[in-house]
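Here's the structure we're looking at; comments come further down.
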There are 2 protein chains.
Amino acid sequence: MKERDEARVAGGTLAGDAYAAIHRAIRSGELAPGQRLRFAELQSLCGMSVTPVREALARLTAEGFTISDDHRGFRVAPLSLAELRDIVANRRLLEGEALRLSIQNGDAEWESRVLAAHHLMARVPRERDDIPSAMREEWDRKHAAFHRALLSACGSPILLDLCEKLFVKADRYRRMSISIPGQSRDVAREHEAIMTLSIERRTEPAVEALRAHYQNTADAVQRLFEDGRED
Amino acid sequence: MKERDEARVAGGTLAGDAYAAIHRAIRSGELAPGQRLRFAELQSLCGMSVTPVREALARLTAEGFTISDDHRGFRVAPLSLAELRDIVANRRLLEGEALRLSIQNGDAEWESRVLAAHHLMARVPRERDDIPSAMREEWDRKHAAFHRALLSACGSPILLDLCEKLFVKADRYRRMSISIPGQSRDVAREHEAIMTLSIERRTEPAVEALRAHYQNTADAVQRLFEDGRED
DNA sequence: GGCCGCCGGATTTTCGAAAATCCTGTGAAC
DNA sequence: GTTCACAGGATTTTCGAAAATCCGGCGGCC
């Protein structure tokens with residue numbers, strides 16, 4: 001079995017690796033919004049030929065992370081305040097409904113998943129700007145896991161998938177909000193409230209707390225946009 | 001400028017043509033649910049080399065129309081009663097909200113678009129089984145246009161996009177329902193009711209009519225499933 | 001008999017180069 | 001001075017073949 005420098009995931013394809021690498025670079029901002037993507041650069045970034053890179057871009061384009069201009073190449077999808085608002089509005093709708101269904105259908109095991117995921121997230125320290133980025137990524141992962149756990153009992157694979165896709169889309173914007181200095185609101189308290197209300201099966205208060213949580217996040221990022229774009 | 005037998009769309013790419021051709025074949029049932037997709041066959045179907053076909057499959061897979069098993073090829077995504085139910089449940093949620101927003105935001109031009117689209121659809125005769133398939137396709141197009149017009153004023157590009165994707169996903173199931181013999185319910189009347197209520201800005205009745213419309217369609221197809229799978 | 005490992009064909013996946021297309025800047029015509 | 005056509009280079013897109021992987025069957029071994 002041949003091994004490459006950047007060993008491919010066992011059993012996977014190079015195209016899959018390219019997808020993961022480019023996706024990650026876009027989410028992290030390493031590839032900036034609107035930036036043109038040249039095959040030569042992506043090939044050296046991924047360490048492979050043009051074919052799998054192109055396949056990765058086809059997938060990314062189908063998911064809206066990149067944009068394809070026929071015969072003129074690809075570029076990273078731009079960010080905009082309008083899109084941020086739109087994403088949040090739809091997350092409020094979709095995740096609100098998903099949480100409602102989860103509370104309705106969730107069993108004791110669901111409760112314990114939520115509790116466990118919240119605990120793991122709360123244990124990761126998340127103070128101010130000067131935290132190491134490795135720890136930030138760790139918190140991001142736990143945060144995502146917590147939200148997934150919340151919705152995990154909704155019983156609708158499609159709804160879950162839509163929520164997941166919007167979550168990832170929102171990630172590029174969330175990244176901006178970490179640079180906000182005086183995080184006045186208490187994210188941890190919001191999370192805790194959502195968790196408690198959910199487990200206590202107080203459906204509508206829980207849903208409302210989740211929706212408010214998204215609105216708050218959006219408002220914070222929106223302020224950033226208005227004070228001139230980042231970079 | 002070189003021209004091929006199956007002339008590519010002006011300015012487009014072969015990969016784009018392959019995507020359209022395979023997508024169409026799947027929607028029409030020419031490529032059956034679950035069927036394995038061999039590159040040799042697809043190449044002769046599309047009349048091109050493997051690379052653009054593969055790119056098309058990557059896109060289709062990202063959208064859920066095909067499934068990729070690494071190193072084992074692709075197959076058409078299967079249909080199931082569970083998925084049908086899930087699609088309908090989510091369409092009720094999403095299109096319901098989109099219609100609500102459309103009624104809220106729509107101006108006179110929106111009203112006229114809805115009216116016009118409904119008229120075009122109503123003019124296409126749609127009797128029983130023995131209608132020519134060309135006419136059925138015509139009706140399908142008008143039907144899709146009517147639903148799009150209804151939601152077109154919702155103001156949320158993302159919500160519109162999600163609705164469109166679910167609509168296309170549902171299309172494969174809708175195709176089954178045409179073979180239902182005693183269409184007892186009156187689809188035309190349902191459409192008319194939705195249109196009238198919407199234009200009269202009777203928001204909640206309109207939304208409820210739309211949601212019932214989907215539920216009825218789903219129930220009809222579901223009966224088909226239970227009487228043994230088609231084919 | 002049942003199970004494991006290996007061989008050969010079928011198929012997918014990737015490569016490197018050829019073909020097609022786009023972009024830039026130069027120069028001629030008006 | 002402006003416009004237009006058109007080379008020349010850069011870039012994307014596609015091809016055909018090579019490499020990698022999978023599937024099925026055969027033979028040896030326990």
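Quick caveat, the model's predicted, so the values are computed rather than measured. Protein chains get the first letters and strands the later ones, always in sequence-line order, with residue 1 at the start of each.
- One can place CG of B:Asp69 at 17 Å from C1' of D:dA20, the figure rounded to the nearest angstrom.
- Distances shorter than 4.0 Å separate some side-chain N or O of A:Arg72 from OP1 or OP2 on C:dC23.
- In this structure, the OH atom of A:Tyr19 is 17 Å from the P atom of C:dT13, given to the nearest Å.
- One interatomic measurement links the two molecules: CG of B:Asp70 to C1' of C:dT12, which rounds to 10 Å at whole-angstrom precision.
- Going from atom CZ of A:Phe74 over to atom P of C:dT21 covers 16 Å, rounded to whole Å.
- A donor-acceptor pair shorter than 3.5 Å can be found between the side chains of B:Ser156 and A:Asp86.
- Distance, A:Met48 CE to C:dC15 P: 7 Å, rounded to whole Å.
- Between the C1' atom of C:dA19 and the CG atom of B:Leu14 lies a distance of 11 Å, rounded to the nearest Å.
- Closest to the B:His71 side chain, of the nucleotides C:dC15, D:dT21, D:dA17, is D:dT21.
- In this model, the phosphate group of D:dT13 is approached by a side-chain N or O of A:Arg54 to a distance below 4.0 Å at OP1 or OP2.
- B:Arg91 pairs with exactly one of B:Val88, B:Ile87, B:Leu93 by the side-chain contact (heavy atoms from CB on, under 4.5 Å) rule, that one being B:Ile87.
- The side-chain tip of A:Arg174 points at the ring of A:Phe167 from less than 6.0 angstrom away and within 45° of straight on.
- Taking every heavy atom of residues 34-44 of chain A and every atom of DNA chain D, pairs under 4.0 Å involve A:Arg36, A:Leu37, A:Arg38, A:Phe39, by number.
- A donor-acceptor contact under 3.5 angstrom links the side chains of B:Thr61 and B:Thr66, judged on distance only.
- Remark: the B:Glu55 side chain and the B:Tyr19 side chain contain no N/O donor-acceptor pair separated by less than 3.5 Å.
- Between B:His118 and B:His147, the ring centre distance reaches or exceeds 6.0 Å.
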